[in-house]
Amino acid sequence: MMNRLISSFLLIFGLIFSVCSQEWKPARVAVMTTWGEKIDPAHVLEEYPRPQMQRNDWVNLNGIWEFTRGTYGDTYNEKRVFDKSILVPFPVESALSGIMEVDAKNDDKNYWYRRTFTVPKNYKGKELLLHLGAVDWLCEVYVNGKSVGTHEGGYDAFSFNITPYLQKTAQQELVIKVFDSQWAGGQPHGKQSLNPNGIWYTPVTGIWQTVWLEPVAKTHLSDFLIVPDIDNEQMKITLMPNALSDDMSAVIRVLADKKEVTKMKVSSFGEELQIPVKNPRLWSPESPFLYDVEIELQKDGKTVDIVKSYAGMRKIALERKDGKPCIYLNNKPLFQYGVLDQGWWPDGLYTAPSDEALEYDVKMVKEMGFNMIRKHVKVEPARWYYHCDKLGMLVWQDIPNATTNTQRNDWVETNFVREAHNIMNCLKNTPSIITWVAFNEGWGQYDRKDIEDKREAYTRMAVRKVQEKSNGRLVNAASGWFDYEIGDMIDKHHYPLPAVYDNPVNQRAVVCGEYGGINLKIDNHIWAGSEVNYTTVNSAEDLKRLFIEYAGKVEELKKQEGLCAAVYTQITDVESEINGLITYDRKVVKWSPDQLMEVRKVLEAIKNIK
C-alpha cells in the first residue's frame, strides 16, 4: 500500500529527474545480490525511512541525480557542469551508484549532487523539511543556490527546514556538496579503507541512505524519548516540540493490538512524563511484542501534528546469578548467542539494495537460532532496527571509530564523542538495542606508540560519555584487546575457539565478543579470494561439525566461567573474507535445511539458562 502511495506522489506532484549528459546504469562487480540485479532506478528504497516517527505525508527523493567531481573548498556555481548520473542513495564507490569510483591514491574526495523537485500543492502553508538518512562525511546543502546548512558525521540522520529557500516557481533545485576522507581526516569510518584487503573493505563516500521531504506545521514535534519501565508498569516519555508556547498540549495514546490501553493529555514538554501501561506485555526475542504509540500535538486546542511510533516494554540489566555477574532481560537471566554482522553488500556496499534485502539478514540470523546481532563498527538505516524490533533480535551496536591508523589529537577525541552521541540519539528509542560498544579492539583509543596512561585516560573519558547517553542499556567499553575495568562487560576476542579473560574483580559480565571465523569457499560466489584465514573446511558438513564443536566450548565457558554472551564471526562473507554462514551475495546459505536444524537445536540448548 505504501509503495503505491509513493508512486502516486511521484506522478501527482511531478517530481522529475534532470536529464544528464550520461545515462545511469549499474556497474558490475564479481558478485551481485538478486535484489541488486533487479533494481529499478525509478523505485529505490520506497519504504517509509523512519518507522519510529511516522507522519502520513512524505516524498521520496531517491533515484537518479546529476553528479560530478569537485575540489576542496569550492562553492555553489549555477553554471557547474554535471557530467554523470548517480543512483541515490548508493555510495559513490558502489556498483549500484553507477559511478563505482575508487581512487586508492586520493584521500581527499569532493563531489557534487544535483536534482530538481516540485512542492506538492497541498503542502502550501506548511514548513518543508529535507531529511537525509546519512551522508559520509561532510556535506553542505543548497536549495535554489542558497546554502541551507552543513552536517558532519557519516552515520546519523539529520534534516533542514528548507521553507525559507523555496521559490514561487514550480521547480526547485537541490544541490549537495560532499567531502570525505577515510584515513587522513581522523573521523569515524569503521572498516572502510583506501586499500581494501583482509578485514578492510571498499571505502564509502557520499549519500548512502534515503533522502526525503516531509511537510509539517509551523509548530510540530521535533523529537521525543521513550524509556520503558517494566518494574513500575509505565513508559517514561519526553516530548520535544520545535518551539514552546503556553497554549500547547499533547495527547499520548498507547495501543496494543490496535486497542487503546492508555490515553493521557499532557501540557509539559521537555520533561519526563510517566505514562501508565498496566500489566505490560514484555518484549523479548521469543515474544517481540510492540506497543503502538501515537502523539497528537495541539495548539490552542487544535491538532497541529500527529506522529505515530512504537515501543517495546523491556528491561536490560546487569545482575548477579550464583555469585557471578549475569545479563538479565526483563528480570530473568539471558544468555546471548550472536553473530557478527558487518552490514556490507557487494553491489551497494553500505547500502542494502532493497528493504527486503535489509530484512533478509535479520530473518536468517533468527532462523539459525541466534538471538543477538553485534552490528560491527557500522550503523544501519532506521528500517534495519525496525526489522530487529519486529522480529525479536537483540542488538549490540558498535560505535564506528577512526581505527588504529589515525594520529590522535583533540579534534579526533572530541569528534568521536560528538558523533557517538549523535548516533545514540538517532537510535535512542530502539527496543532491540541493548548494548552500546564504545571501542573495538583498541581502534580509535590510541595508536600503539602512545603511552598507556594516555590511552587509558582517553578511553575512560569516552566510555563515561557513552554511558551518559545509554538510556538504560549496557555499555561494553572495549570489545577485545585493551581493558581498563570499566563498563558492564569484560570482552575477549579469540580465534578460532572462544575464550574469556580472567575476571578477578567479578563486577562485569564475562563475554566473548568474537570467535569462530570458519572459512568455507563456495565457488562462483566469491568477491576476490580469501586473505583472512583462522581455520578452513571443505564442506558444509565439516562447517557444521566444527561450528558445533566450537559451540561446545561456548557451553563449557558458560558453565565454568560464567560466560554471558558469545558472538560468532560472521553471518555473511564480506569481500576478501569467506568466513560467513551465508555467501556475500546472499544467494547461498552454507548449511542445508537439515544441517541448519541441527545447529539450531544446539544453540537453543546453550541459550537455555537454568
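Please read all numbers here as calculations on a predicted model, not as lab measurements. Values below: all heavy atoms of this structure, side chains included; hydrogens, waters and symmetry mates excluded.
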*Would you check, one step at a time, whether the test salt bridge (Lys or Arg N to Asp or Glu O under 4.0 Å) holds for Arg545 with Glu541?*
CA-CA 6 Å; Arg545 176 190 55 78; Glu541 183 63 24; over 6 Å; no
*How far does NZ of Lys363 sit from CG of Leu358, to the nearest 0.5 angstrom?*
11.5 Å
*Could you tell me whether the side chain of Asn197 and the main chain of Asn195 form a donor-acceptor pair under 3.5 Å?*
yes
*State the CG-CG distance between Leu334 and Asn608, to the nearest 0.5 angstrom.*
11.0 Å
*For the residue pair Ile486 and Gln467, establish whether any side-chain heavy-atom pair is separated by less than 4.5 Å.*
no
*Close side-chain approach of Gln52 to Tyr386, heavy-atom, < 4.5 Å*: no
*Are any of the side-chain nitrogens in Glu556 or Lys553 under 4.0 Å away from the carboxylate oxygens of its partner?*
yes
*Gln187 and Glu152 side chains, donor-acceptor separation under 3.5 Å*: no
_Any side-chain to backbone donor/acceptor pair from Glu514 onto Gly480? Under 3.5 Å, distance only._
no
*Donor-acceptor side-chain pairing of Thr583 and Asp585 below 3.5 angstrom*: yes
*asked:* To check you understand the geometry: which heavy-atom pair defines the closest contact between Trp527 and Pro346, and what is its length?
replied: CZ3-O, 3.4 Å
*So does Lys109 pair up with Glu93, basic N to acidic O under 4.0 Å?*
yes
*Going by distance alone, is a donor N or O of one side chain under 3.5 Å from an acceptor N or O of the other, for Asn331 and Lys315?*
yes
*Any sub-3.5 Å donor-acceptor pair from Lys590's side-chain atoms to Leu543's backbone N or O?*
no
*Is the closest side-chain heavy-atom distance between Ile39 and Asp347 below 4.5 Å?*
no
*Looking at Tyr515 versus Tyr568, is the centre-to-centre ring distance below 6.0 Å?*
yes
*Salt-bridge criterion met for Lys601 and Glu598 (N-O under 4.0 Å)*: no
*Take Tyr385 and Gln397 through the test side-chain hydrogen bond (donor to acceptor under 3.5 Å, both in side chains) and record every step on the way to the result.*
CA-CA 10 Å; Tyr385 301 94; Gln397 179 60 56; 2.5 Å; yes
*Is a side-chain donor or acceptor of Arg600 paired with a backbone partner of Glu367 at a separation under 3.5 angstrom?*
yes
*Is there a donor-acceptor pair closer than 3.5 Å between any side-chain N or O of Lys469 and the backbone N or O of Met424?*
no
*asked:* Between Lys607 and Glu604, does any NZ, NE, NH1 or NH2 come within less than 4.0 Å of an OD or OE carboxylate oxygen?
replied: yes
*For Lys378 and Tyr350, indicate whether the former's side chain and the latter's backbone hold a donor-acceptor pair under 3.5 Å.*
yes
*asked:* Applying side chain to side chain contact (heavy atoms under 4.5 Å, CB included), can you list everything that pairs with Met461, at least two apart in sequence or on another chain?
replied: Val417, Tyr458, Arg464, Lys465
*Measuring from Thr435:OG1 to Leu394:CG, what's the distance to the nearest 0.5 Å?*
8.5 Å
*Determine whether the side chains of Gln192 and Asp136 contain a donor N or O and an acceptor N or O closer than 3.5 Å.*
yes
*Phe370 atom CZ, over 12 foreign heavy atoms within 6.0 Å*: yes
_Is it the case that the ring center of Phe90 lies less than 6.0 angstrom away from the ring center of Trp208?_
no
*Does the side chain of Tyr360 come within less than 4.5 Å of Trp35's, by heavy atoms?*
yes
*Where do Glu549 and Leu546 land on the side chain to side chain contact (heavy atoms under 4.5 Å, CB included) test, with the steps shown first?*
CA-CA 5 Å; Glu549 180 182 322; Leu546 198 55; 3.7 Å; yes
_I'd like to know if Asp361 and Arg586 make a salt bridge, using a cut-off of under 4.0 Å between side-chain N and carboxylate O._
yes
_Short side-chain to backbone donor-acceptor contact, Thr205 and Val92, under 3.5 Å_ = no
*For atom NZ of Lys587, is the number of surrounding heavy atoms from other residues, nucleotides or ligands below 6.0 Å larger than 12?*
yes
*asked:* Within the 3.5 Å criterion, strictly below it, is a donor on Tyr111 or Glu101 matched to an acceptor on the partner's side chain?
replied: yes
_Closer than 4.0 angstrom, basic N to acidic O: yes or no for Lys191 and Asp398?_
no
*Check His493 against Ser479 and note the closest heavy-atom contact, atom names and distance.*
NE2-OG, 2.7 Å
*Within-4.5 Å side-chain heavy-atom neighbours: Val44 and Leu87*: yes
*For the student: nearest non-hydrogen atoms of Cys426 and Ala157, plus distance*: SG-N, 3.5 Å
*Under the 3.5 angstrom rule, does the side chain of Asn330 hit a backbone N or O of Trp283 as a donor-acceptor pair?*
yes
*Can you name the one residue among Asp491, Asp488, Asp483 that meets salt bridge (charged side-chain N to carboxylate O under 4.0 Å, His left out) with Arg508?*
Asp483
_I'd like to check Pro51 versus Arg383 (side-chain heavy atoms, cut-off strictly below 4.5 Å). Are they in contact?_
yes
_side chain to side chain contact (heavy atoms under 4.5 Å, CB included) between Asn503 and Lys324, worked out_ = CA-CA 10 Å; Asn503 190 25; Lys324 294 180 179 180; over 6 Å; no
_Asn519 (side chain) donor-acceptor with Val532 (main chain) under 3.5 angstrom_ = yes
*Sidechain N-carboxylate O distance under 4.0 Å for Glu359, Lys390*: no
*How close do Arg418 and Gly153 get, heavy atom to heavy atom, and via which atoms?*
NH2-N, 4.4 Å
*Using only heavy-atom distances, determine whether the side chains of Arg374 and Asn476 contain a donor-acceptor pair under 3.5 Å.*
no
*Would you give the length of the straight line joining atom CD of Glu419 to atom CG of Asn415, rounded to the nearest 0.5 angstrom?*
4.5 Å
*Can you tell me how far the CG atom of Asn422 sits from the CG atom of Leu427, to the nearest 0.5 Å?*
11.0 Å
*Assign the ring pair Tyr201 / Trp344 to parallel, tilted or perpendicular, where the plane angle (0 to 90°) is split at 30° and 60°.*
perpendicular
*Establish, for the pair Lys375 and Trp384, whether the NZ or CZ atom is under 6.0 angstrom from the six-membered ring centre and no further than 45 degrees off its axis.*
yes
*Hey, what's the ring geometry for Trp443 with Trp200, parallel, tilted or perpendicular (30° and 60° as the breaks)?*
tilted
*asked:* How about CG on Asp502, more than 12 heavy atoms from neighbouring residues, nucleotides or ligands closer than 6.0 Å, or not?
replied: no
*asked:* Could you tell me if the side chain of Leu329 sits less than 4.5 Å from the side chain of Ser284, heavy atoms only?
replied: yes
*Check each of Ile433, Asp389, Thr430 against Val395 using the side-chain contact (heavy atoms from CB on, under 4.5 Å) test, and report the only one that passes.*
Ile433
*Side chains of His189 and Asp180, donor plus acceptor under 3.5 Å*: no
*Any Lys/Arg nitrogen of Glu561 or Lys492 sitting under 4.0 Å from an Asp/Glu carboxylate oxygen of the other?*
no
_Main chain of Ser592, side chain of Gln595: is a donor-acceptor contact present, judged purely on distance under 3.5 Å?_
yes
*asked:* If you compare all heavy atoms of Tyr337 against all heavy atoms of Asn371, which two are closest, and at what distance to 0.1 Å?
replied: N-OD1, 2.8 Å
*For Asn506 against Gly323, the heavy-atom pair lying closest together*: ND2-O, 3.2 Å
